[in-house]
Amino acid sequence: MKKKFLAKVLSVMMAAALLTGCGGGGSKDTDTAGGSSDVITVGFSQVGAESDWRTANSESMKSTFSEENGYKLIFDDAQQKQENQITAIRNFIQQEVDYIVLAPATESGWDSVLQEAKDADIPVIIVDRMIDVSNDSLYTAWVGSDFKLEGQKACEWLKAYAASKDMKEINIVDIQGTIGSSAQIGRTEALNEAVEANGWNLLAQQTGEFTQAKGQEVMESMLKQHDNINVVYCENDNEAFGAIDAIEAAGKKVGPDGDILVMSFDTTKAGITDTLSGKIILNTECNPLHGPRVEEIIKKLENNETPDKQAYVDEGIFAHGADVDKVTVNGTDYTVTEVTEDVINGRAY
Ligand code: GZL
């Protein structure tokens with residue numbers, strides 16, 4: 001790895017200078033140009049493999065930080081456990097990586113291990129979800145989504161759609177993401193505020209842990225407790241897939257002409273395909289392709305430039321049908337894209 005190699009080169013050059021009595025420059029044989037010394041080692045602590053979104057995110061990181069691109073990527077899958085991420089970061093420090101990239105499972109609990117990385121002079125880049133630390137000098141840069149805005153866009157769409165369809169009441173349940181993750185915090189907060197503002201009936205709220213199995217289990221339970229659900233707010237596509245299975249197994253129909261509207265986030269390939277069919281009525285984008293964005297930050301740091309401390313990704317809204325063409329959140333208009341075959345074929349993931 002670059003850090004260690006450079007240290008060795010400097011000691012060889014100093015020894016050579018002492019032996020030959022000449023300072024600086026060094027002799028030909030200490031030339032450090034090219035070779036594996038230029039490889040940048042990146043330690044990446046990934047949340048897990050809980051969803052299609054996460055798979056696309058991991059693929060983006062692996063294809064960006066490849067050997068042919070001049071990197072050595074040490075990839076660790078934490079199986080959605082923060083303690084595994086903390087262990088991985090400590091291992092990266094031991095291995096003296098050049099950069100640590102963290103996709104944090106949850107927002108809190110990072111101060112101590114990030115202080116250890118700072119003490120080891122290893123820059124930490126946060127990707128996707130946010131962290132809540134006492135001092136933001138504990139990380140160099142963050143790139144990810146505005147999860148509350150995602151939720152606000154989705155809820156504004158529901159408000160407009162309900163008006164266009166003259167829906168008398170919204171009896172909604174929320175299958176939440178991993179509790180304490182920024183994605184869950186933001187999407188849930190947006191819904192809670194919209195329920196309050198619009199007089200919707202929030203019948204139940206429970207985590208589906210961003211997985212299809214848990215999403216199905218939670219939906220089954222909610223259907224047993226409430227027979228008047230007409231909207232399900234799934235905080236990611238995999239929960240939506242599970243919820244749809246549960247709804248159909250209960251003999252109810254999803255979609256614009258059915259009993260229950262299913263809303264989702266992520267716009268993964270399978271999710272946007274369900275949006276084309278109407279099984280998912282609205283899918284708010286959460287873009288997983290963070291590899292190039294993280295590389296841009298690393299390239300800036302390699303050139304001794306200062307990257308933006310925080311960078312938000314622009315994201316769209318994708319609907320079944322064209323009932324609502326735009327939504328407005330905090331004074332900003334966002335176009336709603338009707339999902340067609342062409343839209344699906346034109347997407348990068
Ligand atoms: C959002 C990401 C969430 C996705 C889920 O950026 O953290 O985690 O919405 C994933 O699919 O599991």
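All values reported here derive from a predicted model rather than from experimental measurement. In listed order, ligands and their atoms are each counted from 1. For this chain, numbers begin at 1 and follow the sequence in order.
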Atoms of ligand 1 close to [X] [distance to a heavy atom under 4.0 angstrom, numbered from 1]:
X    : result
S51  : 5 (C), 10 (C), 11 (O), 12 (O)
C286 : 1 (C), 6 (O)
E50  : 8 (O), 10 (C), 12 (O)
F210 : 5 (C), 8 (O), 12 (O)

In terms of side-chain geometry, is the basic nitrogen of D52 or R54 positioned less than 4.0 Å from the acidic oxygen of its partner? no

Any idea which part of F265 is under 4.0 Å from ligand 1, heavy-atom wise: side chain, backbone, both or neither? neither

Does at least one non-hydrogen atom of S145 fall below 4.0 angstrom from an atom of ligand 1? no

Check contact between R187 and ligand 1, using heavy atoms of the residue and a distance below 4.0 angstrom. yes

May I ask you to test the V97-V42 pair for a side-chain heavy-atom distance under 4.5 Å? no

Any non-hydrogen side-chain atom of P288 less than 4.5 Å from a side-chain atom of S60? no

For atom CD of E83, is the number of surrounding heavy atoms from other residues, nucleotides or ligands below 6.0 Å larger than 12? yes

Test of understanding: with ring pair (Phe, Tyr, Trp, His ring centres under 6.0 Å), list the residues that count as partners of W53, not counting sequence neighbours. none

T328-E156 side chain donor-acceptor pair, cut-off 3.5 Å: no

Among Q80, Q82, K81, which residue satisfies the side-chain contact (heavy atoms from CB on, under 4.5 Å) criterion with N84? K81

Protein heavy-atom partner closest to atom 3 (C) of ligand 1 - residue, atom, separation in Å: R129 NH2, 3.7 Å

How far is atom 5 (C) of ligand 1 from the closest protein heavy atom, and which atom is that? D266 OD2, 3.5 Å

Quick check: does D128 get an N/O under 3.5 Å from an N/O on ligand 1? yes

Is there a polar contact, in the sense of an N or O pair closer than 3.5 Å, between R54 and ligand 1? yes

Apply the hydrophobic cluster definition, ILVMFWY joined by side-chain contacts under 4.5 Å directly or through others, and give me every member besides L202. L149, W157, L158, Y161, M167, I170, I172, L191, V195, W200, V231, Y233, L261, M263, F265, I281, L282, I317, V324, V327, V329, Y334, V336

